[in-house]
Amino acid sequence: MTSKGLPGFRDFPPADLALRNYIFAVWRQVASRYGFEEYDGPPLEPLELYTAKSGTEIVGQLYNFRDKGDREVALRPEMTPTLARMVAERANGLKKPIRWFSIPQLFRYERQQRGRLREHFQLNCDLIGEAGPLADAEIIALSIDMMRGFGLGPTDVRVRLSDRRALTAILKQRGVAEEGMQAAYQFIDKIERMRREDIDKLKDEVHPFAPATVSDLEAVAKIRGLTAVEEALQGAPGGDASIAPLRRTLAALEAMDLAEWIDVDFTVVRGLAYYTGTVFELFDAQRTLRAICGGGRYDTLLASLGGVELPALGFGMGDVVLGELLKDRDLRPAVGPTIDLFLVAVTEADSPHALRLAHELRDAGLRVEYAFTPGAVGKQLKLADARGARLAVVIGPDDRARGEVQLRDLAGSTQSSVPVGTLAIRCRELLMRTA
RNA sequence: GUGCCUGUAGCUCAAUUGGUUAGAGCGCCGCACUGUGGCUGCGGAGGUUGCGGGUUCAAUCCCCGUCAGGCACCCCA
């Protein structure tokens with residue numbers, strides 16, 4: 001063994017690449033059902049694309065260096081800034097709403113754990129130019145249908161849904177000032193991971209979200225379900241308006257028959273400061289893995305990143321956690337070599353004829369293999385079986401004398417003599433039948 | 001970046017409180033089997049016990065370091 005790969009970076013031997021390709025295929029198929037178009041951007045970007053909005057502390061978590069042209073550059077840690085630039089440059093000419101998706105490989109320099117590496121592929125779906133709650137429902141429905149595309153149901157995966165507008169209204173009513181809002185978000189985000197005693201310890205301290213207390217925020221974090229949200233907003237100024245989008249988003253999801261996937265849960269805040277409305281995450285129902293997907297509405301981000309005022313929302317869904325979940329649930333597609341046909345030469349004198357047939361059949365579009373070394377017919381058939389062939393063609397001196405070959409269906413163990421000239425057609429017929 | 005835990009064959013795991021040549025199942029290769037596969041039987045290859053150092057007559061086992069993986073923090077842009 002000469003050298004290992006870098007920590008957090010993956011090799012993809014055929015079985016692993018098959019899973020990755022399968023994930024990509026489902027992503028693309030479902031995205032296209034929603035009318036989403038695929039785009040891509042450069043994996044390497046100017047460093048300032050990521051520091052401009054988020055500050056310089058972010059540099060510690062990304063792969064950045066100075067290139068030979070003395071430019072500060074970084075491997076992309078997320079797709080949204082690239083998307084913002086692309087949309088801003090073309091905003092005037094694009095019909096709204098814009099439905100775009102991408103599957104970028106993203107990089108971040110962090111200590112890896114299960115489900116979190118230093119690179120991953122992340123499906124990004126964004127809906128830009130629509131502020132109404134049907135857009136929120138559309139994006140959430142898309143994320144759910146991604147799960148359904150993999151054979152996962154509402155007992156496997158849960159959508160945890162919250163709304164910053166309703167949450168903010170509740171917090172305001174509890175006395176949280178504008179300046180303390182971010183701190184309150186972060187506290188609520190963290191609260192379910194904290195131990196009872198650690199929460200109690202904080203109760204005597206002075207917090208930026210005062211006069212709201214730790215107990216107030218605990219109560220907010222416990223809110224579950226739309227009714228509980230409505231109750232919490234009873235009598236709050238502007239309370240009814242703040243909950244209207246969530247209410248209409250839920251109604252739309254119900255109309256799509258997807259309500260059973262949704263848990264309204266105000267502990268879902270998302271770390272990102274830029275979310276302005278709906279926020280949601282998808283988790284495995286057992287909660288043994290990290291988030292499968294996270295997203296929300298970011299109506300002001302495009303203005304600050306790309307200088308164009310467009311409401312937008314979207315989500316990111318990584319291939320790593322999803323892959324873990326598919327493995328856990330045994331929902332991986334079958335792997336291994338699969339070919340249509342294996343050619344068996346009975347004697348060495350038959351080999352040139354097998355080679356000619358192999359080439360002709362490959363030209364006809366069939367997936368064909370044969371043994372490289374002569375051997376017993378039984379041995380060659382064993383190899384055919386191991387290679388996943390559906391058909392075998394046996395060519396021997398007797399067959400050749402008659403201008404025929406033996407065509408064997410390996411699954412059904414049926415065999416017949418076929419004139420060489422009609423072999424390709426007969427193969428096609430058999431393959432169609434067993435497909 | 002911090003703390004804790006774990007590293008034995010391709011995979012899953014054994015190996016008496018530290019004791020001779022580190023084993024098994026699966027997988028892989030070969031043979032039985034030169035005109036018909038899946039099964040079965042037999043055989044074979046494959047290990048610097050992650051790596052480096054230390055303690056000891058003796059280390060897979062104990063100690064230190066390092067690398068890798070896992071868990072919890074941090075972060076999740």
Side-chain angles (χ1 to χ4, degrees), chain A residues 1 3-10 13 15 45 47 49-62 64 74-84 106-118 120 122 124 186 189-190 193-195 198 268-275 279 281 288-291 293-296 298 301 304-305 316 318 320-321 324 336 342 344-350 371 373-400 405-417:
Chain A
M1 205 64 70
S3 79
K4 296 174 176 177
L6 290 167
F9 284 77
R10 295 169 289 175
E45 290 276 18
L47 178 63
L49 186 65
Y50 307 112
T51 55
K53 194 64 198 133
S54 313
T56 48
E57 72 274 12
I58 220 168
V59 175
Q61 286 151 39
L62 46 76
N64 66 302
L75 290 171
R76 60 186 173 197
E78 57 166 332
M79 198 58 172
T80 308
T82 303
L83 172 66
L106 305 179
F107 307 86
R108 52 192 171 189
Y109 194 88
E110 286 187 302
R111 188 152 165 184
Q112 68 161 320
Q113 291 183 29
R114 188 184 187 209
R116 185 173 77 177
L117 306 176
R118 287 181 170 177
H120 71 144
Q122 189 186 66
N124 276 247
Q186 280 168 17
D189 185 38
K190 200 185 266 186
R193 298 191 299 270
M194 290 175 70
R195 290 178 305 179
D198 292 330
V268 179
V269 175
R270 306 282 301 151
L272 302 190
Y274 63 61
Y275 286 117
V279 287
E281 295 183 333
T288 58
L289 302 170
R290 292 162 192 286
C293 168
Y298 52 94
L301 186 68
S304 58
L305 275 180
V320 179
V321 177
E324 300 274 359
F342 197 98
V344 176
V346 177
T347 69
E348 282 204 63
D350 300 309
T373 51
V377 171
K379 201 167 156 181
Q380 294 185 61
L381 284 172
K382 191 175 286 196
L383 185 54
D385 187 55
R387 295 297 296 165
R390 308 237 302 265
L391 303 173
V393 167
V394 181
I395 309 162
D398 303 347
D399 310 297
R400 269 197 290 129
V405 295
Q406 299 296 319
L407 178 57
R408 185 172 181 81
D409 182 335
L410 287 170
S413 295
T414 56
Q415 183 168 319
S416 56
S417 286

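Numbered from 1 within each chain, the chains take letters A, B, ... in sequence-line order. When reading the values below, keep in mind they use all heavy atoms of this one structure, side chains included, and skip hydrogens, waters and symmetry mates.
For the pair L6(A)/R118(A), no side-chain contact is recorded, criterion being any heavy-atom separation below 4.5 Å from C-beta on. Looking only at side-chain heavy atoms (C-beta outward), Y50(A) and N64(A) stay at 4.5 Å or farther from each other. No side-chain heavy atom of R408(A) sits less than 4.5 Å from a side-chain heavy atom of S416(A). You'll find the side chain of R108(A) reaches within 4.5 Å of the side chain of R116(A), heavy atoms only.
If you check every strand for non-hydrogen atoms under 4.0 Å, P7(A) touches sugar and phosphate atoms only. Within 4.0 Å of A376(A), counting heavy atoms only, lie sugar-phosphate atoms of the nucleic acid but no base atom. Using a 4.0 Å heavy-atom distance criterion, Q380(A) is classed as making no nucleic acid contact. G396(A) comes within 4.0 angstrom of a nucleotide base, judged by non-hydrogen atoms across all strands. At the heavy-atom level, P374(A) lies nowhere under 4.0 Å from the strands shown. Within 4.0 Å (heavy atoms only), G115(A) reaches no atom of the nucleic acid at all.
Nearest nucleotide to the R193(A) side chain, out of G35(B), G37(B), C76(B): C76(B). Distances were taken from every side-chain heavy atom of D385(A) (C-beta onward) to each of G35(B), G38(B), C74(B); the shortest belongs to G38(B). Side-chain atoms of Q113(A) lie closest to A72(B) of the nucleotides A68(B), C76(B), A72(B). Out of C75(B), C71(B), U36(B), the shortest distance to the side chain of R114(A) is found at C71(B). Looking at the side chain of V394(A), the nearest of the listed nucleotides G35(B), C76(B), C74(B) is G35(B). The listed nucleotides are G38(B), C76(B), C75(B); the one nearest the side chain of S413(A) is G38(B).
D398(A) meets the side chain to side chain donor-acceptor pair (under 3.5 Å) test with no other residue; sequence neighbours excluded. By the side-chain contact (heavy atoms from CB on, under 4.5 Å) test, K379(A) is found to be paired with A376(A), residues two or more places apart in sequence or in another chain being considered. For A371(A), the side-chain contact (heavy atoms from CB on, under 4.5 Å) test picks out F342(A), Q380(A), L383(A), with sequence neighbours left out. Here F107(A) pairs with nothing under the ring pair (Phe, Tyr, Trp, His ring centres under 6.0 Å) rule; sequence neighbours left out.
A straight line from CD of E110(A) to C1' of G1(B) spans 11 Å, rounded to a whole angstrom. What separates CD of Q406(A) from P of U36(B) is a distance of 12 Å, to the nearest Å. The nearest whole Å value for the distance from the OH atom in Y298(A) to the P atom in C76(B) is 18 Å. One atom, CG of L117(A), and another, C1' of A68(B), lie 14 Å apart when rounded to the nearest Å. Taking atom CG of D198(A) as the reference point, atom C1' of C73(B) lies 12 Å away to the nearest angstrom. Protein atom CG of D189(A) is 9 Å distant from nucleotide atom P of C76(B), rounded to whole Å. Residue R290(A) contributes atom CZ, which lies 9 Å from atom P of G70(B) at whole-angstrom precision. At whole-Å resolution of the value, CG in L391(A) and C1' in U36(B) are 15 Å apart.
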What nitrogen or oxygen pairs link the protein and nucleotides 5-10 of chain B at under 3.5 Å?
none

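You won't find any donor-acceptor pair under 3.5 Å spanning the side chain of T347(A) and the base of G35(B), going by distance alone.
Phosphate proximity of C31(B) to K379(A): present, with a side-chain N or O under 4.0 Å from OP1 or OP2.
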message: L410(A) vs L381(A), test: side-chain contact (heavy atoms from CB on, under 4.5 Å). Steps then yes/no.
response: CA-CA 9 Å; L410(A) 287 170; L381(A) 284 172; 4.2 Å; yes
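Looking at R290(A), its side chain does come within 3.5 Å of a backbone N or O of R114(A) through a donor-acceptor pair.
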field: Per-nucleotide pairing state of RNA chain B [Watson-Crick or G-U, under 3.5 Å; [ ] pseudoknot-crossing; | other strand]
entry: (((((((..((((.....[...)))).(((((.......))))).....(((((..]....))))))))))))....
